[in-house]
Amino acid sequence: MNGRRPILVANWKMYKTAAEAVDFLDRFLPRVAGVAEVEVAIAPPFTALDRAGRRLAGSAVALAAQNASAETEGAFTGEVAPRMLAELGCRYAIVGHSERRALFGEGDALVARKAAALLAAGIRPIVCVGETLEQREAGRTFEVLAAQVAGSLASVPPERAAELVLAYEPVWAIGTGRTATPEIAQEAHRFLRERLAGLFGAAAGQVRLQYGGSVKPENVYALLAQPDIDGALVGGASLDAEAFARIVRSRGPEEAR
Ligand code: PEP
């Protein structure tokens, strides 16, 4: 036992209105009642955070945001500050997702500022890293991961490391149906754990490392069985209440699988 409680997070991206989010939770929450082995969080779009948070109140499932500003407040049209997310009850926020890096030009320095701003507001950052197919095929996977970890976590002090979740999401596996094998994922996670040890020392052992990329009910168990994989960040399969409940329960009571 390494003491790290696995964490499964649903990243809904730009799917589901507030009403659809509540409808999902009405079907999802009864299906995962009593599951204590894993921590579960739902990251709906900003517009659904308030109603989803109210529906989650009293359940063991946490609320997460998909992004956050690095600023506290000010003239930043369209942005949402960490303290606004904290007020809605967000326990986690995803930063540095590959879609934000690729489509919105976010780099490691900004991701690091966002992570620091979230911690200052009492929200745990889920920091995403991962190589593209081109980078993997060029043999640059570990070089890319090392640079992303060093840059994106530059502002996290070792005493806050235990609050951090680091998500390894190979870009070639996101939304493609092409999951990394458990062995490939574990190799990357072990490398990331070593880099964390360089940054945080012994506290690296407390950081939870999630795998993300086409996780499904059929493949989650083998991935989470790896020694350095402490959870999953789930996109497409988390949009369906039954499928995400099966993913959550794959670590839960035997009879539910
Ligand atoms: C994601 O967007 O974080 C993700 C892992 O997506 P998918 O599960 O659809 O590959």
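Remember, it's 1-based here, ligands and their atoms both numbered in the order they're listed.
- Remark: ligand 1 atoms within the under-4.0 Å shell around heavy atoms of G213 are 5 (C), 10 (O).
- An N or O contact shorter than 3.5 Å links G235 to ligand 1 by distance.
- The ligand atoms of ligand 1 that sit less than 4.0 angstrom from a heavy atom of S214 are 7 (P), 8 (O), 10 (O).
- Looking from atom 1 (C) of ligand 1 to the surrounding protein, the closest heavy atom is H97 NE2, 3.2 Å.
- Under the 4.0 Å criterion applied to side-chain N and carboxylate O atoms, R140 and E134 are not assigned as salt-bridge partners.
- Ring planes of F142 and F191: tilted class, angle from 30 to 60°.
- Near K13, meaning under 4.0 Å from one of its heavy atoms, ligand 1 places the atoms 1 (C), 2 (O), 6 (O).
- From the protein, the heavy atom lying nearest to atom 3 (O) of ligand 1 is E169 OE2, 2.7 Å.
- A heavy-atom distance below 4.5 Å is found between the side chains of V61 and L29.
- For A173, the closest heavy-atom approach to ligand 1 falls below 4.0 Å.
- At a heavy-atom distance under 4.0 Å, atoms from both the backbone and the side chain of I174 approach ligand 1.
- Geometrically, R31 does not engage F28 in a cation-pi contact, judged by NZ or CZ lying under 6.0 Å from the ring centre and within 45° of the ring axis.
- Annotation: side chain of V40 is not in contact with side chain of V32 (no heavy-atom distance under 4.5 Å).
- Side-chain contact between R91 and L63 is absent, with no heavy atoms from C-beta onward closer than 4.5 Å.
- For a threshold of 3.5 Å applied to N or O pairs, the pair formed by G175 and ligand 1 contains at least one separation below that value.
- F200 is not listed as a side-chain neighbour of Q206, based on a closest heavy-atom distance of 4.5 Å or more.
- Heavy-atom contacts of N11 reach the following atoms of ligand 1: 1 (C), 2 (O), 3 (O) (cutoff under 4.0 Å).
- Here the side chains of N11 and S238 are not in contact, with every heavy-atom distance at 4.5 Å or above.
- Where the criterion is an N or O separation shorter than 3.5 Å, residue side chain and backbone included, G236 meets it with respect to ligand 1.
- By the criterion of a heavy-atom distance under 4.0 Å, neither the backbone nor the side chain of A237 is placed next to ligand 1.
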